[in-house]
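The structure appears right after this line, and notes come after that.
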Amino acid sequence: TRDGIVTLLDPSSVAAESYRELSANVRFMALSLPSSGLPAEERQELLASGAVERPPMGRGIMMASPTANNGKTATAVNLAVASARAGQRTVIVDADLRRPRVAQLFGLGRLRGLSDLLAERGTVDDYLVNVGVPNLLVLPAGTLPPNPADVLANAQLDLVYRQLQERFDLIIIDTPAVLAVPDALEAGRLVDWALLVMQHTVSTRREVVGTIERLEQVGVRVEGGVLNAIDTRSDAYYYYYTYYHRLEYGAAVDGVEGGGPRGPRVPVGVGRSGGPVGPGGRVGPGDGDGTSGDRAGGGAGGGLGTRDR
């Protein structure tokens, strides 16, 4: 069916526009980061030095979330569609070998995919699936293995990733929840950076900070985040959207296009400097006790927030 792919089902909606804005921000971010495909230590040195260069090969982004049910896969799929429609040659790789959902969202059945490719050492072209969106192909998860983390640790994955880099402009890798299993950490060694996906009322501050720390401990740089399921009909959304836009543009915002008191639930960008922006300020290490008042709060505008540089 394709339920959940709002960029296909309702491309004129506010939510679809938010994904297009996210896609644009990801493209601009890709131009400011050092080349992927480098050894982890060399990549970290380049990042630390502030080196900037145009990417000679496809960029890899890992979609990460603290726990399940944060809207990560739906965000990944909609980002892929928006990027492909913007002219980027895009592939979305389902590296969740435990509970894969990418193929399901596209209305595909059980297909051979990543795990089979790694086991059989085949050619990536034999496993890519055309989903009817120009510039977009899908690499499904494939047969579910008994040892997902070990499969992703296979050196063959590096060769597959390099093949994808040579063919695509953007490689989006969907992974399991970071705090649940080590799989995401194995896939993270390949990518340029990670996008942290959270859901309002689901993700706690402690979970968000713990996820960022865990990723960065293994060299995965978290460059931004998306806060899902903000209800634009709420007074809180309007207040924070207006407040942060006043800060950014130096002027009051009288309304939000397609939003306001009767707007839909949309993905909203969050800032990143010590943690996502929420009500009352930034998240810091040690904040939060997991209570209902400690949820990741509403960031503002744009679909992607980045580190302060």
Side-chain angles (χ1 to χ4, degrees), residues 4 40 60-80 92-105 110 113-115 118-119 138-154 157 161 171-229 267 270 272 275-276 278 283 285-292 294-297:
I61 176 175
M62 183 177 80
M63 308 300 291
S65 65
T67 58
N69 303 317
N70 280 270
K72 171 181 53 61
T73 301
T75 300
V77 167
N78 280 286
L79 172 60
I92 180 168
V93 179
D94 196 342
D96 187 342
L97 304 184
R98 299 173 188 267
R99 297 176 58 191
R101 291 192 61 240
V102 171
Q104 176 187 344
L105 285 176
R110 282 293 181 91
L114 178 62
S115 62
L118 296 176
V138 172
L139 180 55
T143 306
L144 301 187
N147 53 342
D150 292 341
V151 171
L152 294 175
N154 190 324
L157 181 60
Y161 184 75
I171 304 152
I172 300 173
I173 301 181
D174 190 37
T175 61
V178 172
L179 298 181
V181 290
D183 307 19
L185 305 182
E186 296 290 354
R189 74 181 189 273
L190 303 171
V191 300
D192 295 283
W193 53 289
L195 182 64
L196 185 60
V197 181
M198 303 151 284
Q199 183 153 320
H200 183 57
T201 75
V202 172
S203 303
T204 67
R205 297 185 180 190
R206 178 169 293 175
E207 289 170 347
V208 170
V209 172
T211 299
I212 293 170
E213 290 177 345
R214 189 169 186 184
L215 288 171
E216 294 190 338
Q217 283 171 358
V218 296
V220 181
R221 189 175 175 93
V222 180
E223 284 290 341
V226 172
L227 187 58
N228 274 320
V270 294
R272 170 62 170 88
V283 178
D287 286 345
D289 57 6
T291 63
S292 59
D294 184 46
R295 304 295 172 180

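Here, residue 1 is the first one in the sequence, and each next residue gets the next number.
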Looking only at non-hydrogen atoms, find the nearest pair between [X] and [Y] and report the distance.
X      : Y      : result
Gly71  : Gln199 : N-OE1, 3.8 Å
Leu195 : Gly225 : CD1-N, 3.6 Å
Arg214 : Leu185 : NE-CD1, 3.5 Å
Glu223 : Trp193 : CB-CE3, 3.2 Å
Asn69  : Val202 : O-CG1, 3.9 Å
Ala64  : Leu215 : CB-CD1, 4.0 Å

So how far is it from [X] [atom1] to [Y] [atom2], rounded to the nearest 0.5 Å?
X      : Y      : atom1 : atom2 : value
Thr73  : Ile92  : OG1   : CD1   : 7.5 Å
Glu207 : Thr204 : CD    : OG1   : 3.5 Å
Ile171 : Leu139 : CD1   : CG    : 11.0 Å
Arg110 : Thr143 : CZ    : OG1   : 8.5 Å
Asp183 : Arg98  : CG    : CZ    : 4.0 Å
Leu152 : Asn147 : CG    : CG    : 9.5 Å

Exam field: side chain [X] to backbone [Y], donor-acceptor pair closer than 3.5 Å:
X      : Y      : value
Thr67  : Ser203 : no
Asp94  : Val102 : yes
Lys72  : Thr175 : yes
Asp192 : Gly60  : yes
Ser115 : Ala141 : yes

### Note, Pro66 side chain near Leu196 side chain (heavy atom, < 4.5 Å)
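Side-chain contact under 4.5 Å: yes.
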### Message
Are the side chains of Ile61 and Ile172 in contact, using a 4.5 Å heavy-atom criterion?
### Response
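Yes; the side chains approach each other to less than 4.5 Å.
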### Query
Leu157 pairs by side chain to side chain contact (heavy atoms under 4.5 Å, CB included) with which of Val151, Val93, Leu118?
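One option only clears the test, and that one is Leu118.
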